Amino acid sequence: MKQLISRLKGDKGIWSFVALLALFSFMPVFSASSNLAYLGHGTGNTLGYLLKHLAHIGCGFAIIYYIHKIPYHYFRSISKWLLPIVWVVLAITMIKGTVIGGANASRWLQIPFVGISFQPSAFAALVLFVFVARYLSKTRTAPIDFLESLRELWLPVFITLIFILPSNFSTTALIFSMVLMLVFIGKYPMKYIGIIVGSGIIFLTFFVLVSKAFPDAKFFSRVRTWESRIENFSTDKPDEDDYQIEKAKIAIASGKIYGLGPGKSVQKNFLPQSSSDFIYAIIVEEYGLIGGLGVLFLYLLLLFRFVIASHKANTLFGKLVVIGLGFPMIFQAMINMAVAVELLPVTGQTLPLISSGGTSIWMTCIALGIIIGVTKKEEEIEQEQKDAAKREEALQRLIDAEIALEEQQKESYSIEDKMANPMNAVLNK
């Protein structure tokens, strides 16, 4: 184990907090999967779901390990070539997407001959954030030209979002807001950001109006779901989402301070997405307010390490990559928790590294691998500087020793006669 840990490079704090979140996830997933077990094979045995989650976490850490070995600047050019491939995959998903786990949106894609399903929008977000960081980190001698940035930056961003929007508004909004945060930190002119935000609002309004004109079109089928969720959030009109929120609030209220105990949740049998979208409610029910705040505290510590890693990065691309991949992870966690306590409408965002599901875990691990790769590079640079300082110090000691030896030799072999005049006795007499 010590040998394995010694091979892990990069920020040890990020490694530690990620490991703690992953280890903690096993108990809530094992407990909350009983609903899926009853629906799946009627026995209520959740061992299979626990082993599946273990496989997902194990593959995720393998992804982190191998990704963090790759020099992070390689992803700078990779993002440019991956983006068109992502558009093709998103277009296929929009046309032939499947429903997974009872979800009411066709946002999943089945890989032929393998039988694995994944959510392309999660991978598209990673590629897009790295692509935006790449554009912002380019060396420029002149100020940013808005028309040039429309072609090189915002056109790829909006093409990606257009493919994601019809099936997943919450993910589209999260990606767009994170891109805006990234360009703001990257010192993109504020007046241009205002134009982009206004254009985004106009486009979304146009999209909704067109959906009203063609209410039966499959392309606009999710618009009614968005409207109903926003309406039900602002009113007391009961529906399926309201049922989930009520059960989540009951679970949180039942947990009180210390919780009912591991595996003793009652509402896990009633919440449809108890092991994914609403797992935070199950955590609070079983581990109480202390457990809920503990999970929140771990995410905040992870955010703190991301800020430190970004500050230490010696390249603008490294800083922006850490922010662009790390911050959305934390915001997604906050959104999941806010939905569970009814601060936000139901969005379908999972709790990173804790909720069950292969795609969300693996995409999170890819992002973590790249972030740790940035910190590994800074670690290597720091180590090289320390080694260089040690070499200079050793060289200086050798030089000082050589100078001292030369001085000693000069004194030993000096031809200068330092003896007293032998005639002094006669002269003095």
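Remember, predicted model here, so these are calculated numbers, not experimental data.
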Are Ser265 and Glu285 linked by a side-chain donor-acceptor pair shorter than 3.5 Å?
-> yes
Picking from Leu182, Ile144, Leu320, Val157, what satisfies side chain to side chain contact (heavy atoms under 4.5 Å, CB included) with Tyr135?
-> Ile144
Minimum side-chain heavy-atom gap Phe131-Leu126 below 4.5 Å = no
Decide yes or no on side-chain contact (heavy atoms from CB on, under 4.5 Å) for Tyr49 and Phe30, but give the supporting numbers first.
-> CA-CA 7 Å; Tyr49 292 94; Phe30 181 64; over 6 Å; no
Got a sec, which pairs hit side chain to side chain donor-acceptor pair (under 3.5 Å) with one end in residues 288-300, sequence neighbours left out?
-> none
Heavy atoms of Ile175 and Phe129 approach each other most closely as O-CE2, 3.8 Å
Ring pair (Phe, Tyr, Trp, His ring centres under 6.0 Å) against Phe24, all qualifying residues, sequence neighbours excluded | Tyr287
Taking all heavy atoms of Ala32 and all of Ile282, pick out the closest pair and write down the distance.
-> CB-CG2, 4.2 Å
In terms of heavy-atom contacts, does CZ of Phe146 have more than 12 from other residues, nucleotides or ligands at under 6.0 Å?
-> yes
Intermediate values then yes/no, salt bridge (Lys or Arg N to Asp or Glu O under 4.0 Å), Arg134 and Glu152 = CA-CA 11 Å; Arg134 169 189 169 274; Glu152 293 190 10; over 6 Å; no
Straight-line distance of Phe75 CZ to Leu325 CG, nearest 0.5 Å = 9.5 Å
Over all atoms of both residues, closest heavy-atom pair of Gly357 and His56 | C-ND1, 3.9 Å
How long is the gap from NE2 on His73 to CD1 on Ile78, to the nearest 0.5 Å?
-> 10.0 Å
Between Phe278 and Ala248, the two heavy atoms sitting closest are CD2-CB, 3.8 Å
Would you kindly say whether Tyr72 and Thr315 are connected by a side-chain donor-acceptor distance under 3.5 Å?
-> yes
Taking Lys319 for its side chain and Asn314 for its backbone only, find out whether a donor-acceptor pair lies under 3.5 Å.
-> no
Once you round to the nearest 0.5 Å, how far does CG of Leu90 lie from CG of Leu165?
-> 12.0 Å
Donor + acceptor pair across side chains of Tyr188, Ser149 (<3.5 Å) | yes
When you check the gap from the basic side-chain N to the acidic O, do Lys249 and Glu246 get nearer than 4.0 Å?
-> yes
May I have the step-by-step check of side-chain contact (heavy atoms from CB on, under 4.5 Å) for Ile92 and Val88, ending in yes or no?
-> CA-CA 6 Å; Ile92 295 173; Val88 174; 4.0 Å; yes
Is the side chain of Thr375 donor-acceptor paired with the backbone N or O of Asp11 at a distance under 3.5 Å, no angle test?
-> yes
To the nearest 0.5 Å, what is the distance between OG1 (Thr359) and CZ (Phe123)?
-> 11.5 Å
Contact list for residues 22-31, test side chain to side chain donor-acceptor pair (under 3.5 Å), sequence neighbours left out = Ser25-His53, Ser31-Lys268, Ser31-Glu286
If only atom types and distance count, is the side chain of Trp362 paired as donor or acceptor with the main-chain N or O of Ile63 below 3.5 Å?
-> no
For residues 329-341, please give each side-chain donor-acceptor pair under 3.5 Å, one per line with the distance, not counting sequence neighbours.
residue, atom, partner, partner atom, Å
Gln332, NE2, Thr350, O, 3.1
Gln332, NE2, Thr350, OG1, 3.1
Asn336, ND2, Asp277, O, 2.9
Asn336, ND2, Gln349, O, 2.7

Sub-4.5 Å side-chain heavy-atom contact between Phe297 and Leu302 | no
Cut-off 3.5 Å, side chains only: do Ser275 and Ser356 have a donor facing an acceptor?
-> yes
Tightest non-hydrogen contact, residues Ala124 and Ile164, listed as CB-CD1, 4.3 Å
With no hydrogens and no angle check, is any side-chain donor or acceptor of Tyr280 less than 3.5 Å from a backbone partner on Gly292?
-> yes
From Phe176 atom CZ to Leu204 atom CG, the distance as rounded to the nearest 0.5 Å | 10.0 Å
Measure across Val127 and Ser79 and return the closest heavy-atom pair with its distance rounded to 0.1 Å.
-> CG1-O, 3.7 Å
Check the pair Ile370, Ile70 against side-chain contact (heavy atoms from CB on, under 4.5 Å), reporting the backbone distance first and the verdict last.
-> CA-CA 8 Å; Ile370 298 174; Ile70 303 173; over 6 Å; no
Keeping to residues at least two apart or across chains, list the salt bridge (charged side-chain N to carboxylate O under 4.0 Å, His left out) pairs with something in residues 163-177.
-> none
Flag the pair Ser167 / Met94 as yes when at least one side-chain heavy-atom distance between them is below 4.5 Å, and no otherwise.
-> no
Mark yes or no for whether Ser310, through its side chain, and Phe306, through its backbone, hold a donor-acceptor pair below 3.5 Å.
-> no
Do the non-hydrogen side-chain atoms of Ile67 and Ile372 ever get within less than 4.5 Å of each other?
-> no
Taking C-beta and beyond as the side chain, do Leu289 and Val284 meet within less than 4.5 Å on heavy atoms?
-> no
Whether over 12 other heavy atoms sit under 6.0 Å from Phe26 CZ | yes
Give a yes/no verdict on a cation-pi contact between Arg76 and Phe317, requiring under 6.0 Å between NZ or CZ and the six-membered ring centre and an angle within 45° of the axis.
-> yes
Distance, nearest 0.5 Å, that separates CG of Leu155 from CD1 of Ile159 = 4.0 Å
Would one find more than 12 heavy atoms of other residues, nucleotides or ligands at under 6.0 Å from atom NZ of Lys69?
-> yes
Is atom CG of Leu398 surrounded by more than 12 heavy atoms (other residues, nucleotides or ligands) closer than 6.0 Å?
-> yes
Mind running side-chain contact (heavy atoms from CB on, under 4.5 Å) on Val266 and Ile250 for me, showing each step along the way?
-> CA-CA 10 Å; Val266 176; Ile250 292 173; over 6 Å; no
Those residues that, when tested against Phe61, pass ring pair (Phe, Tyr, Trp, His ring centres under 6.0 Å) (two or more places apart) | none
